[in-house]
Structures are given as structure tokens and as C-alpha cells.
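The structure under discussion appears below in the form of C-alpha cells.
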Amino acid sequence: MHKLFLVISSIFGMLSVALGAFGAHALKDKLQSDGTLDTYQTAVQYQFYHTLALLAITLLMTKYESQWLNYAGYSMTFGILIFSGSLYVLCFTGMKWMGAITPIGGLLFIAGWLFLLLTALKSM
């Protein structure tokens, strides 16, 4: 399982850098003019933070066998897809209703951190 999350975190990390650079250079004027630059930056930041968390989970999987780590990895993965993904769609399409989906991704991030905590408590 850890290899899957290593691949996923590598892809998300690469995309975080590419989307951040793309937003800062190619999209900056468009995103500033329609007021979505802050939203776009939030999407990139949360994607990057949770990509690093997913990478840490991957590394922990090599030391600990825990179903909680699997849950944490999936929660972070789907959290990135839903949280950041919905914000990207909102920025590129203007579909404001996508903002209603974003909190689901946030809840998945919280669940991922909770599962990581449970892993730590179980290993003590």
C-alpha cells in the first residue's frame, strides 16, 4: 500500500508545484481580475501541505503496520481531490456551487489527521 501512496504523493507534489507556478505566472492577471486568486492559492497550499502529510504517512507505513495509516492515506488523497479540486474547478469555471463541496474535503483532511493520531496512540 505504501508504494501506491508514494506514487500518489509524488504526482500531487509535482502538480502542486506546476499549478502554483501556473497560477502565479500564467493565470495571475485572470485570477486577480475575477477575485479568485486567494481561492486558487488556498487550493495549491492545502494540496501541498497534505501532499507532504501523505508522503509522511507513506514513510510511516514502512515502519508501522496499521490499518489507521491506510485510512489516513486514503483520507488525505480524497481530501486533496475534493478540497483542492473543487476550488480549482470554482476558479476555472466560476461555478460557485463547487464551494459547497469544499468542506467535504476539509472533513477528510481532519479525518486523515485523526487516523494518524490513532496510529500514534496505538503504537505507544
Pairwise distance [atom1]([X]) to [atom2]([Y]) - rounded to 0.5 angstrom:
X: Leu121; Y: Leu116; atom1: CG; atom2: CG; value: 10.0 Å
X: Leu59; Y: Leu69; atom1: CG; atom2: CG; value: 11.0 Å
X: His2; Y: Lys63; atom1: NE2; atom2: NZ; value: 15.0 Å
X: Asn70; Y: Met61; atom1: CG; atom2: CE; value: 4.0 Å
X: Gln41; Y: Leu87; atom1: CD; atom2: CG; value: 12.0 Å

Hphob cluster co-occupancy, [X] + [Y], side-chain heavy atoms under 4.5 angstrom:
X: Val89; Y: Phe78; result: yes
X: Tyr88; Y: Ile101; result: no
X: Trp113; Y: Phe5; result: yes
X: Trp97; Y: Phe92; result: no
X: Phe48; Y: Ile82; result: no

Is atom NZ of Lys30 surrounded by more than 12 heavy atoms (other residues, nucleotides or ligands) closer than 6.0 Å?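 Above 12, so yes.
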
Measure from the side-chain N and O atoms of [X] to the backbone N and O of [Y], and report whether any donor-acceptor pair falls under 3.5 Å.
X: Ser84; Y: Leu81; result: no
X: Tyr40; Y: Leu19; result: yes
X: Gln47; Y: Phe12; result: yes

Which residues pass the side chain to side chain contact (heavy atoms under 4.5 Å, CB included) test with Ser33, sequence neighbours left out?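 By the side chain to side chain contact (heavy atoms under 4.5 Å, CB included) rule, Ser33 matches no residue at all.
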
Name all residues meeting the side chain to side chain contact (heavy atoms under 4.5 Å, CB included) criterion together with Ser9; count only those two or more places apart in sequence or in a different chain, and write none if there are none.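 With neighbours one apart ignored, the set is Leu6, Thr51, Leu54, Leu55, Thr58.
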
With Thr77, which residues qualify under side chain to side chain donor-acceptor pair (under 3.5 Å), at least two apart?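 Partners of Thr77 by the side chain to side chain donor-acceptor pair (under 3.5 Å) criterion come out as none, since no residue qualifies.
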
Below 4.5 Å, heavy atoms only, C-beta onward: do [X] and [Y] meet side chain to side chain?
X: Met76; Y: Tyr49; value: no
X: Tyr46; Y: Ile80; value: no
X: His50; Y: Phe83; value: no
X: Tyr74; Y: Ile8; value: no

For residues [X] and [Y], report the shortest heavy-atom separation together with the two atoms involved.
X: Met95; Y: Leu90; value: O-CG, 3.8 Å
X: Ala111; Y: Ser75; value: CB-OG, 4.1 Å
X: Thr102; Y: Ser86; value: OG1-OG, 2.7 Å
X: Gly79; Y: Phe109; value: C-CE2, 3.3 Å
X: Val44; Y: Ser16; value: CG1-O, 3.7 Å
X: Cys91; Y: Asp34; value: O-OD2, 4.2 Å

